[in-house]
Protein chains: 2
Amino acid sequence: MPLKADLDAIDWKILRELQGDGRMTNVELSTRVGISAPPCLRRVKRLEEAGIIRGYRALLNAPALGLDVVAFCLIGLHHQADAELRTFAERTRGWPIVRDAWMVSGESDFLLHCVASDLGAFQSFVIEELTSTPNVDTVRTALTIRRVKDEGLVSFAQP
Amino acid sequence: MPLKADLDAIDWKILRELQGDGRMTNVELSTRVGISAPPCLRRVKRLEEAGIIRGYRALLNAPALGLDVVAFCLIGLHHQADAELRTFAERTRGWPIVRDAWMVSGESDFLLHCVASDLGAFQSFVIEELTSTPNVDTVRTALTIRRVKDEGLVSFAQP
DNA sequence: GGCAACACGCAAGAATCTTGCGTGATTTTG
DNA sequence: CAAAATCACGCAAGATTCTTGCGTGTTGCC
C-alpha cells in the first residue's frame with residue numbers, strides 16, 4: 001500500500017489526468033503520462049487499492065436538472081459533546097438536500113453543502129428541519145450566486 | 001439538447017449510477033439500468049452533449065497525499081460592485097490552495113474551499129494572500145475536523 | 001388507418017482491457 | 001565487487017468492451 005512517499009512523477013501525472021477526466025481510457029492515459037498501457041493500468045489499480053483514488057464520479061449540472069438552489073449552511077450547536085456531534089452528523093445523512101457535510105472548528109460546528117429545487121424547498125428545509133432539530137443553536141445560510149472556481153479536490157504543486 | 005423534462009426513469013438511473021461510479025463500463029451500466037449496451041451508450045452521450053453530465057472526476061484521498069488541512073473561508077469585501085466581485089473571483093483562480101469558490105449572498109461575499117499540506121501553509125495563505133488582498137474586509141475561517149457526509153452533487157428524490 | 005419519429009436490440013468490426021512473459025535497470029546481499 | 005533478487009517496463013495475445021449500422025416494434029399524429 002504505497003503512501004505519498006512512494007509516488008513518482010508518473011503517478012502524480014496519472015492523478016492529475018484522472019482528476020481532470022476520470023473516464024479517460026487507459027491507452028489515452030498511458031500516452032499522456034508517457035508509458036505504455038499495461039504498466040499504466042497497473043499503476044492506476046495500485047492507486048485505487050491503496051485508497052489514494054477513492055473513486056470516480058460523474059459531475060452533474062444541477063440547474064439543468066431543475067435544481068436551482070445551491071447553498072451552504074453553518075450550524076452551531078448548543079452542546080458539543082462527542083455524542084451530540086455524532087447525533088447531528090448522523091442526522092445530516094438522512095437529509096437528501098444535504099450533499100456534503102463537514103464537522104468544523106471555528107464559529108460554527110458544522111458546514112452543510114445543500115442543493116434544492118427552488119428557494120421554497122430550501123427555506124422549508126431550513127425552517128422545518130434544521131432549526132427545529134434538537135440542540136441546534138444557530139443557523140447561518142449563504143445562498144450561492146455562482147460558482148467561481150471548480151477544480152478537483154487536490155492541487156498539484158507536488159513533484 | 002434534452003432538458004429535465006425530457007429525462008425518463010432510465011436516464012435518472014444512469015445519472016445515479018454514474019454519480020456513484022463514474023468509471024463503470026457501459027455494459028455494467030446497461031445491465032444495472034435494464035437496457036442493452038448500445039442504447040445505454042447513446043443515452044450517456046446524449047446526457048454528456050446536453051451538458052447534464054459535466055464531466056468525470058477521480059476522487060482523491062487528500063490526507064494520503066500529504067494534504068492534511070481542509071478548510072473553508074468566508075470572505076467579505078468592502079465594495080461589492082460588479083467589477084470588484086469579478087476581480088476577486090479572478091484572483092481565487094490563481095490560488096492553488098483554493099479548490100472551489102462560490103460567490104454567495106448573506107453575511108459574506110465569497111466562500112472558498114481550501115486544501116493545504118499543513119496548518120502553516122494554510123495560515124500563511126490566509127495572512128499573506130487573503131487578508132492582504134485589496135478590498136478584502138473580513139475573513140472567517142472554518143477548519144474541517146472530518147467529513148461527515150459525501151454524496152454527489154445531486155440528489156435523487158426525482159422520478 | 002397510415003405514416004413519421006423514435007428507441008430498442010442484434011450483430012460485427014474496431015478499440016480497449018487484461019494477463020503472462022521476457023528484458024533491462026536498480027538495489028540488496030554475500 | 002560481483003551475484004542475486006527485485007522491480008517496472010514493454011510486447012503480444014486472448015477476452016472484453018466499445019461503437020456503428022441496421023431491422024423491428026411502439027408511440028403519436030395526421
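FYI, side chains are in, hydrogens and waters are out, and symmetry mates aren't considered; it's all heavy atoms of this structure. Here is the naming used below: chain letters follow the sequence lines, and residue numbers restart at 1 for every chain. Nothing here was measured: the structure is a model prediction, and the numbers come from that model.
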Protein-nucleotide distance (Asp8(A), atom CG; dA25(C), atom C1'), rounded to Å: 15 Å
For Arg91(B), salt bridge (charged side-chain N to carboxylate O under 4.0 Å, His left out) partners two or more places apart: none
Whole-Å distance separating the CD1 atom of Ile10(B) from the P atom of dC6(C): 17 Å
Per-nucleotide protein contact string for nucleotides 16-21 of chain D (B base, S sugar-phosphate only, - none; heavy atom under 4.0 Å): -SSSBB
Axial bend angle, the helix from dG1(C)-dC30(D) to dG30(C)-dC1(D): five-pair end segments, nearest 10°: 30°
For atom CG of Asp11(B) and atom C1' of dA7(C), their distance in whole Å: 11 Å
Donor on one side chain, acceptor on other, Glu84(A) and Asn135(A), under 3.5 Å: no
Nonpolar side-chain network containing Val126(B), other nodes, edges under 4.5 Å: Ile145(A), Val148(A), Val69(B), Ile75(B), Leu77(B), Leu85(B), Phe88(B), Trp95(B), Ile97(B), Val98(B), Met103(B), Phe110(B), Leu112(B), Leu119(B), Phe122(B), Phe125(B), Leu130(B), Val136(B), Val139(B), Leu143(B)
Pair listing, salt bridge (charged side-chain N to carboxylate O under 4.0 Å, His left out) test, anchored in residues 55-74 of chain B, at least two apart: Asp150(A)-Arg57(B)
Arg23(A), Gln19(A), Glu48(A) screened by side chain to side chain donor-acceptor pair (under 3.5 Å) with Tyr56(A), the one that passes: Glu48(A)
Heavy-atom check, side chain of Leu15(B) versus side chain of Leu47(B), under 4.5 Å: yes
Atom-to-atom span, CD1 of Ile35(A) to P of dC7(D) - whole angstrom: 17 Å
Sequence neighbours excluded - salt bridge (charged side-chain N to carboxylate O under 4.0 Å, His left out) pairs with any residue from residues 24-38 of chain A: Glu17(A)-Arg32(A), Glu28(A)-Arg32(A)
